[in-house]
Amino acid sequence: MSFMSLQVNEPGRSVLMTGNEAITRGAIEAGLSFAASYPGSPTSEILAHLGRLANEHNLYAEWSVNEKVAIEEAAAASFAGLRSLCIVKQNGLNVALDSLVSIAISGIKAGMVLVVGDDPGAHSSTNEEDSRLLSKVVHIPIFEPSTPEEAKQMTLAAYELSENLKLPVTLRCVTRISHASGNVTLGELQNVNKQAIFAKKDRYVTNAALHQLQEVKLAKIRQIADTLPFNTYKGPQNAKTVIIASGPSALYAPEAVNALGLDNEVGVLKLGMTWPLPEKFLLEHMKHAERVIFIEEIESFNEDNVMALAAQHISEIYPLEFYGQKSGHVTGPKGPGVGEMDPDKVKQSIARVLGVENNQAAEKPSLKLETPDVPVREMAFCAGCPHRASFWAMKSAVALDGRNAVVLGDIGCYSLALRRTGWALPQTMHAMGSSAGIANGLGKLERFGFKQPVIAVVGDSTFFHSTIPALVNARYTRANFLLVVLDNETTAMTGHQPHPGMSKNAMGEIVEGLQIEEVVKGLKLPVVIQDPYDVKGTTEVVYKLLQSEGTKVLVLSQACALVAAKASTRPRVYIDQEQCIGDSCGCNRFCSATFTCPATIWDPKKGKALIDEVVCNRCQVCVSLCPQGAIKVEGGANLDR
Amino acid sequence: MTAKVLNIIVTGVGGQGNVLASQVIATAAVDSGYFVSVGETFGASQRGGSVTSHIRVSKVSAYGPLIPQGEADFILGFEPLETLRTFRDYGNSSTQVIMNVRPNYPLGVLLNEDQYPDIPVLTGNLRVQSQKLWALEATNLAVDVGVPVGTNMVMTGAFAGVQFLPISFLAYETVLKGMFAGEILDLNLAAFQVGVKAVS
Amino acid sequence: MEQSKMPLRLRQEVMESGNCARCGLCVGLCPYIKTMNERIAFIHDCNREDGTCYRVCPRTPTNLSDLDKQVFGKERADHGLGNYLEILYARSLNKDLAQAGQYGGVVSTLAAYMVESGESQAAVLTKRQNNSPPTPCLARNREEVLSCSGSNYSASPTLSILNAGVRSGLEKLTIVGRPCQILGLRKMQALTERSEHNMSAKKVDFLIGLFCFWSLETEIYTYLRGKTGSARLLRMDIPQNYGVVTTENGEIQIPIDELRAFIRPTCQSCFDPTSEFADVSVGSTEYDPEWSTLIIRSTRGQEIVNKVCNAGHLETKPYPEERLPLLLNAVINKKKRVLESLSNGKGYEYLELSSDYTQGIEEGGVGR
Ligand SMILES: Cc1cc2nc3c(=O)[nH]c(=O)nc-3n(C[C@H](O)[C@H](O)[C@H](O)COP(=O)(O)OP(=O)(O)OC[C@H]3O[C@@H](n4cnc5c(N)ncnc54)[C@H](O)[C@@H]3O)c2cc1C
């Protein structure tokens, strides 16, 4: 948020930065030239910042069509001697993995850093996935920052290490790093003017014979790890209890130890490089300990690796007990490894291991009064979100069709349709573009008596990211399904990043956007474009398309309400409470209780509906759906419909 | 400031701009020489979920980005239900609270399945439980200044105004000047001032 | 009537059980029941307790003797044809309407008179769409009435336009409908204790019912397209033992068995082949395609027929004595078949029939 601090050129000054800003700053201080990414929470902001700073710092930043292309481009820049950065989220790494495995084998030239955002607790993800396991598979080292300050320092260190070893280096951030803010000490801003060249003698080829070289590189890093300043130990010398923590847990741990009054008994060993391990450093501290407690987020990655190390050196460190996810001691309410860590869980876990009283309850002054019931706040489509109209229309068409059409969900804001805000319409949801692949499969089961129509629903960004190959496949194999593209003209889920369908790129330059229908027409598949705000028309179109055979595409085109609202001069929408007849209408509070747009609320005093005009984005969809015609547009205007 | 760390929670609903408010407060604190950690949960920000920022301010060292339960010293609540939720989990009898009284109804309430607590009951509850409660018509104040989306600056102004953190108004205004320019800056400054006044 | 989750019951007992007559009256009362391609469905579960949709449905419990009293002020004497004042042969004296009409063009002539004379603001009719399902039409003038002439044999939910029409401010409406549609409208008119916004039937003041022994599934149009190719379909008729479609390229005969495959099963549970609750009912003569059978049932029906005849648009002649038993037999046989299927548990029971009524049917209808 404090974007301006990225531009401050006062080395030594301490400024507030998010983890993502710190990484951005670190990359620029490291002389970054080339960055590529596909948006994904929690790391989306990095490329967005780099795009805005591109001109000033003579670098190139790109929102790529997907992560596989992004990592290949970053590797290319490195091959040509430019420091590069690829930024992905956990799932994005899965997409890029095939290429990354090979790039790690072939080796690189200039420093190449891979930022991976993991999302413990799945704040903004479909899953909790520990990407460290993948970096281990790839044979590349992992830095794991525990503060924004460290994120910046590690970015710089990662470039050095990468360039030394000719190997990409992973910077693994969790949400509480990327989206956390803290003091960051500024360094010198670089403005490198590098010449890119692919040297005639250079070869970057994947070859099984290079496996041996990878092992050699790892062995080297293992030695370097022991001397890295990011692996630290704080606490009494020869403490009997040592906590091994990484990421933000390395901050929760000392706070918890302090709160439990155990400062003089427990030491905290922070792992800044979690793969390969600083073996000597670890062994040194395990020797004096009687018990080790592992605290980390998602999988028991450090725990497994350190225990394997310990087993190998059992005679040097025996006796020693291990506590963590495996022993069941380090856990939240939903079980070890499930959900994100926080100071309370860490404190409880430590208390559980050491058998001390968790004095938290005693410490917390009990509330004087019973708190009234606090209803949960479910996520829902925003006011005026075109997806709400789209899913209502699809739901209507599916009901009218009456053949139990199967709706397949995908990844984006519209994943919310799996919840009540989208009437739980989709029956599957997996990875980016998976709906189209699953539709391909279902779309061929007629020979096995399958009679249900199939609708795959993707967003515009997801369409470009990984739906196109599935469409090609559908055309080739004549799959029977309807692909609905919810085209809101942006990558809304992750904060409105541009994509290949748009006329702007990451650096703000005007480019020629690729129209979705151009692609579909190129595949010689039928395509219809429709405005989802016209719910009746959309219902009819979906219904009609469901009656036809083969693969067909419907583009539901309407800008994201949040973008549109910002630029809006749309007229005010209000409810004429004279005309709304409340509960004596047969509508069962349609606008507030069924369509559940957050802007249409219930006015309990009058027993009628009401529009919260601070929330309303003035899409006017409810105007067309109110059976009583009680929702009005000021001036009687009616958008472009 | 005598405590080792001061824990402030800014809470609200996606779209209310509370993340920006927490950034202004945190930046002003860093610029005034403190160690600050902010833990933000804004994955759901654009989709009507609860959005909460934990701000931890210390003279001594950097703290982790999350506040332990029951240890909030100050809650800046943009929405009554979220304020109550946060107080229930993080508040204690010495917690101070500024709350915007305008409700934003969750889906379960719209669906007529859940009951939104009565505002007077909710306010009364917080008033008794907390050390001090300022209940503000922040959204209406922002609407009066001509920027309904300026609720966040009214709240920021109110937070600055109660001087829970020994930070000058100038420090906040400098942060705003670094973030905005022109008419938008003027509107935000105006909203900030309205907030300061509302608690003085 | 039991008042529990009526919309849900409508969905389960009527729609999902294949008993929907597709009258269309429930469409447009609320945002939840919609129609497409003649099918009616709930697009979203409505959890209301009470539901106008359920109360007015011609396929939910209905007390016939109450309805007889409500519409005609008395119980019926004829258990075949129901209450009526007079039964006649009739035909249009307007060339274009006579020409375009299914038989005598009587229905169109009555409807045209209603909208032209100002007795009605509009008539709810059904309009042929070549080889596709017909669409509802709010006819406001003679031209529009003419364009709706002729029968479409599918169960088109054309009353769906009524609620929207009334909401747009129309009053004094004429309705042309199948027996199920007439029954639904009368049930809605019977909800006297309600003055709600969605009591559209109260704006209907002339009901023309068609004879209808059964209707066909929508798939008939796909089938017909297969027979006629791209030729425009102009007319369809089902004389006694075969079907005939007339296209711009001439007539095509269709074996009755092939047509029978498209008969909607729910029509086999219907007791009312002659629109017993209409003001007037019109059907074929099964004898002379130039004429239609016209049953005048109510005084309102009598009044309008008189006016139309006096204005020189319609001529009538007595119903041939010797043919009346044929009609009555056909009707009684249908009713008996329904009773039989009910007694062996196959049919769908929705009518509350007093023993008088069932006995009347068993005994052959007239004269009690
Ligand atoms: C599904 C169906 C089944 C029928 N079955 C029989 C039968 O078994 N025996 C019999 O004697 N008569 C039957 N009829 C009635 C007959 O076909 C004529 O409609 C009737 O005799 C009137 O003829 P007409 O020339 O006076 O009508 P016209 O002047 O041609 O007017 C016909 C009217 O019927 C309306 N209409 C057309 N299709 C439909 C429909 N699907 N639903 C509702 N209204 C419609 C039109 O809007 C038009 O106003 C049936 C009609 C239908 C629609």
Side-chain angles (χ1 to χ4, degrees), chain A residues 1-2 4-5 14-16 18 41-42 119 123-125 147 149 175-176 179-183 248 251-252 255 259 342-344 347 360 363-365 367-369 371-382 413 416 420-421 492-493 495 562 589 592-593 596 598 600-602 612 614-615, chain B residues 13-15 19-20 23 26-27 29-30 35-44 46-50 62-71 81-82 84-85 87-88 91-94 102 104-112 114-118 121-122 125 128-129 139 143 148 178-179:
Chain A
M1 290 295 152
S2 44
M4 74 261 188
S5 58
S14 174
V15 299
L16 182 79
T18 64
S41 207
D119 192 10
H123 292 284
S124 194
S125 305
T147 61
E149 178 85 86
T175 307
R176 295 286 173 209
H179 285 176
S181 310
N183 302 58
L251 286 188
Y252 305 144
E255 190 175 344
D342 62 38
D344 298 296
K347 201 166 148 204
Q360 183 174 18
E363 218 174 62
K364 182 177 169 180
L367 299 178
K368 293 177 202 153
L369 290 178
T371 311
D373 277 346
V374 183
V376 292
R377 194 175 288 278
E378 280 171 69
M379 288 209 273
F381 291 133
C382 304
C413 283
L416 286 181
R420 293 202 288 187
T421 189
M493 176 79 175
L562 297 180
R589 302 191 189 177
S592 66
T596 59
T600 41
I601 57 181
W602 185 250
D612 182 340
V614 175
V615 176
Chain B
V13 177
V19 172
L20 187 65
Q23 289 292 325
T27 307
V30 167
F35 286 100
V36 179
S37 302
V38 188
E40 227 125 35
T41 312
F42 56 76
Q46 283 163 7
R47 287 155 289 272
S50 311
Y63 273 72
L66 292 177
I67 295 170
Q69 299 217 339
E71 291 187 23
L81 185 67
E82 293 316 307
L84 185 66
R85 190 194 313 282
F87 193 91
R88 181 194 63 188
N92 61 58
S93 55
S94 53
R102 186 190 180 91
N104 178 303
Y105 300 106
L107 192 62
V109 171
L110 292 180
L111 283 165
N112 206 14
D114 295 334
Q115 188 79 34
Y116 195 98
D118 217 28
V121 171
L122 185 156
N125 185 291
V128 173
Q129 311 237 54
T139 304
V143 170
M179 284 183 174

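Sequence lines set the chain letters: A, B, ... in the order given, protein chains first and strands last, and positions in each chain run from 1.
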Asks: Atom CG in B/Leu66, atom CG in A/Asp344: separation rounded to 0.5 Å?
Replies: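 So the gap between those two atoms works out to 9.0 Å.
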Asks: Give the intermediate values and the outcome of side-chain contact (heavy atoms from CB on, under 4.5 Å) for residues A/Thr18 and B/Gln23.
Replies: CA-CA 10 Å; A/Thr18 64; B/Gln23 289 292 325; 4.3 Å; yes
Asks: Would you say that B/Pro117 contacts A/Pro375 through its side chain, given a criterion of any heavy-atom pair below 4.5 Å between the two side chains?
Replies: yes
Asks: Once rounded to the nearest 0.5 Å, what's the spacing between atom CZ of A/Arg377 and atom CG of B/Leu81?
Replies: 5.0 Å
Asks: Any idea which heavy atoms bring B/Tyr63 and A/Leu251 closest together, and the distance?
Replies: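 Scanning both residues, the minimum pair turns out to be O-CD1, 3.6 Å.
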Asks: For A/Pro372 and B/Val121, which heavy atoms make the closest approach, and how far apart are they?
Replies: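 Between these two residues, the closest heavy atoms are CG-CG1, 4.5 Å.
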Asks: Grab the two heavy atoms, one from A/His179 and one from B/Glu40, that are nearest each other, plus how far apart they are.
Replies: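 Between these two residues, the closest heavy atoms are O-CB, 3.3 Å.
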Asks: Would you please name every residue forming a side chain to side chain donor-acceptor pair (under 3.5 Å) with A/Ser592, sequence neighbours left out?
Replies: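 Partners of A/Ser592 by the side chain to side chain donor-acceptor pair (under 3.5 Å) criterion come out as none, since no residue qualifies.
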Asks: Can you tell which of B/Leu110, B/Leu111, B/Asn112 makes a side chain to side chain contact (heavy atoms under 4.5 Å, CB included) with A/Arg589?
Replies: B/Asn112
Asks: Go through the atoms of A/Thr147 and report whether side chain, backbone, both or neither lie under 4.5 Å from a heavy atom of chain B.
Replies: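 Neither; nothing under 4.5 Å.
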Asks: Within the side chain of A/Asn183, is there an N or O that forms a donor-acceptor pair under 3.5 Å with the backbone of B/Val36?
Replies: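 Yes, because the side chain of A/Asn183 sits within donor-acceptor range (under 3.5 Å) of the backbone of B/Val36.
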Asks: Please determine, among A/Asp373, A/Thr600, A/Asp612, the option with the most heavy-atom pairs under 4.5 Å with chain B.
Replies: A/Asp612
Asks: Provide the closest heavy-atom pair for A/Val374 versus B/Arg85 in the form atom of the first, atom of the second, distance.
Replies: CG1-NH1, 3.5 Å
Asks: Measuring only between side-chain heavy atoms, which start at C-beta, is B/Glu71 closer than 4.5 Å to A/Pro343?
Replies: no
